[in-house]
Amino acid sequence: MDKFLIEGGKRLEGRVAISGAKNAALPAMAAALLTDQRVVLRNVPRVRDIGTLRSLLEELGVDSSVTHEERGNRVEIEARRLITPVAPYELVKQMRASVLVLGPLLARFGHVRVSLPGGCAIGARPINLHIKGLEKLGAALKIDHGYVDATANGLKGALIRFDTISVTGTENLMMAATLAQGETVLQNAAREPEVQDLADLLNRMGAKIEGAGSDEIMIQGVSRLHGAEHTVIPDRIETGTFITAAAITGGHLILEHCNPDHLTAIISKLSEAGVRITCNSAETASRVIEVHSNTVFSAVDLTTQEYPGFATDMQAQYMALMTQAEGTATITETIFENRFLHALEMMRMGADITLDGRRALVRGKTRLSGAQVQASDLRASACLVLAGLAAEGQTLVDRVYHIDRGYERIEERLTRVGASIRRISEDRSLPFPLSHSSRTSPQSARSLALSVRCESPQWQASPLGGV
Ligand code: EPZ
């Protein structure tokens, strides 16, 4: 498993081009299943999750091709026919968003078997609301041997109210309803920009959707959809991550090809904490966010919320910044029940954090020291990279396959703006012990390496043996 070796304390300076949004590209690729004609998606990010969904589509018998373009990839998908209605466990377990094929396949082909995604590091993440909604549209669904088996003899429009706001739940039902007979109304729907972007694509394919981006979406079913071309929106979470990278290193970054309007809550919270951010005017074709150098931040409480509130996918990155802020910040995670695994790893770097269920108390400013840490999920890995950039000495982030799922070659883009970060692939020997700042005596570095090794059994197995 690849690792990142980060030398902290480097100030970031320069320009970063923001990629297309993973969480907009994935439902857009699933939407191509709703027609037998070609759907062309542009500005698609080159991240592992896109590859996983493409493998799933090919497994189903769908043709697709990828062309490298200046801005992301151009992905062409043509679901002329289906060779199997089964989305297998091997692929679905790699990426929960695979469940997004359920609605489109059921609506178009009337039968689909999708593996249940199973548990996830950040929470139970059931799909009961997807299933309940499809039943409301007239489908018959049963759980069988770890699979959702769904059949429908033509879906019928219905009024569906979500008990809990669900992003992919809204997307799945919106896609299914496009080919249902009559009108469907989704209430308490997700308002994320990615949901709106999907509705824009579906309307280009001939769907009749109104209200996307609000909490009530109306879909007038049509008999068939046609092909279309669509450019995916910029990734607002990647944008937020780079804003935080600039801030936590006291750097100056200009982020291009982003859309500041999609992260107003994130920008306002970071500004409240002292991050100096300016955006060019909305009239400008290519939107830019500039993060100006600053090194003094104040602790500000945060509660994650559904859009347009502060995104849970930015909570971990925000926590890293709060370790460098003056005072105590309370971070409350309202969306997922187990999304503080990054905090435990940052404590290994010297962060002063107390966890209490869905609340974390972060005391700062604390001096982070480089250590060996392990990523548990996509956004936790982004947090550990940010902490490594701010820490003294070297940090080794393990399991960076998590970050590759949603960030395009992040180590190369950070290196281009001055970070010292490199990918160490599985078979490369690790530069033990990690070197730390001059203030850390060789003895304490040695004891740190020793202590790390003892703590985590897998190190005992390390071929490098004694220090
Ligand atoms: C989407 O996941 C995103 N993924 C997630 O981003 C993001 O964290 C999440 O929305 C919240 O913003 C994609 O878009 C591919 P939910 P999703 O359904 O749709 C509960 C990242 O880092 N719930 O909105 O799976 C659920 O357990 C990823 O890029 C049910 O109880 O999230 C959670 O507590 C991580 N039953 C809450 O609702 C259901 O049937 C919100 O989940 C569905 C959801």
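In each ligand, atom 1 is the first atom listed, and ligand 1 is the first ligand listed.
- Each of the atoms 21 (C), 29 (O) of ligand 1 lies under 4.0 Å from some heavy atom of Lys22.
- A donor atom on one side chain and an acceptor atom on the other are found under 3.5 Å apart for Gln315 and His342.
- Between Ser166 and ligand 1, an N or O atom pair is found at a separation short of 3.5 Å.
- Ion pairing of Glu69 with Arg71 is absent here, as no side-chain N (NZ or NE/NH1/NH2) approaches a carboxylate O to less than 4.0 Å.
- With hydrogens left out, the protein atom closest to atom 22 (O) of ligand 1 is Arg379 NE, 2.8 Å, a heavy atom.
- At a heavy-atom cutoff of 4.0 Å, ligand 1 is contacted by the side chain of Arg339 but not by its backbone.
- Considering both main-chain and side-chain atoms, Pro126 comes within under 3.5 Å of ligand 1 through a nitrogen or oxygen pair.
- Of all atoms in ligand 1, numbered sequentially from 1 with element shown, those under 4.0 Å from a heavy atom of Ala97 are 15 (C).
- Each of the following atoms of ligand 1 lies closer than 4.0 Å to a heavy atom of His130: 40 (O).
- Using modelled atom types and a 3.5 Å distance limit, the side chains of Thr354 and Arg363 yield a donor-acceptor pair.
- Residue-to-ligand polar distances place Asn23 within reach of ligand 1: an N/O pair is separated by less than 3.5 Å.
- Counting non-hydrogen atoms of other residues, nucleotides and ligands closer than 6.0 Å to CD of Glu210 gives a total of 12 or fewer.
- Side-chain contact, Asn43 with His257: no donor N or O sits under 3.5 Å from an acceptor N or O.
- Under 3.5 Å, the side chains of Arg339 and Thr312 contain a donor-acceptor pair of N or O atoms.
- Protein heavy atom closest to atom 32 (O) of ligand 1, with residue, atom name and distance, is Phe336 CZ, 4.0 Å.
- Atom CZ of Phe109 sits in a crowded spot, with more than 12 heavy atoms from other residues, nucleotides or ligands closer than 6.0 Å.
- With a 4.0 Å cut-off on non-hydrogen atoms, Leu378 touches ligand 1 through its side chain and not its backbone.
- Atoms of ligand 1 lying under 4.0 Å from at least one heavy atom of Ile335, given by number and element, are 33 (C), 34 (O), 41 (C).
- Under a 4.0 Å criterion applied to the non-hydrogen atoms of Ile127, ligand 1 contributes the atoms 39 (C), 40 (O).
- Thr304 contributes a side-chain N or O that, together with a main-chain N or O of Thr334, makes up a donor-acceptor pair within less than 3.5 Å.
- Of all atoms in ligand 1, listed by their number and element, those nearer than 4.0 Å to a heavy atom of Thr164 are 38 (O).
- With Tyr147 as the aromatic partner, Arg113 meets the cation-pi criteria of under 6.0 angstrom to the ring centre and within 45 degrees of the ring axis.
- Every atom of ligand 1 with a heavy atom of Thr312 under 4.0 Å away is listed here by number and element: 8 (O), 11 (C), 12 (O).
- Scanning all protein heavy atoms for the shortest distance to atom 40 (O) of ligand 1 gives Leu129 N, 2.8 Å.
- Looking at His402 and Arg379, their side chains never bring a donor and an acceptor atom within 3.5 Å of each other.
- When the options Thr168, Ile122, Thr170, Asn128 are ranked by their closest heavy atom to atom 36 (N) of ligand 1, first place goes to Asn128.
- Near Asp313, meaning under 4.0 Å from one of its heavy atoms, ligand 1 places the atoms 5 (C), 6 (O), 7 (C), 8 (O), 21 (C), 22 (O), 28 (C), 29 (O), 35 (C).
- Proximity of Arg125 to ligand 1 is established by a heavy-atom distance of less than 4.0 Å.
- The side chain to side chain donor-acceptor pair (under 3.5 Å) test with His111 singles out one residue from Thr151, Asn153, Asp149, and that residue is Asp149.
- Put simply, part of Ile165 is less than 4.0 Å from ligand 1, judged by heavy atoms.
- Below 3.5 Å of separation, one finds an N or O of Val167 facing an N or O of ligand 1.
- Side chain of Arg54 to backbone of Ser64: a donor-acceptor contact under 3.5 angstrom is found.
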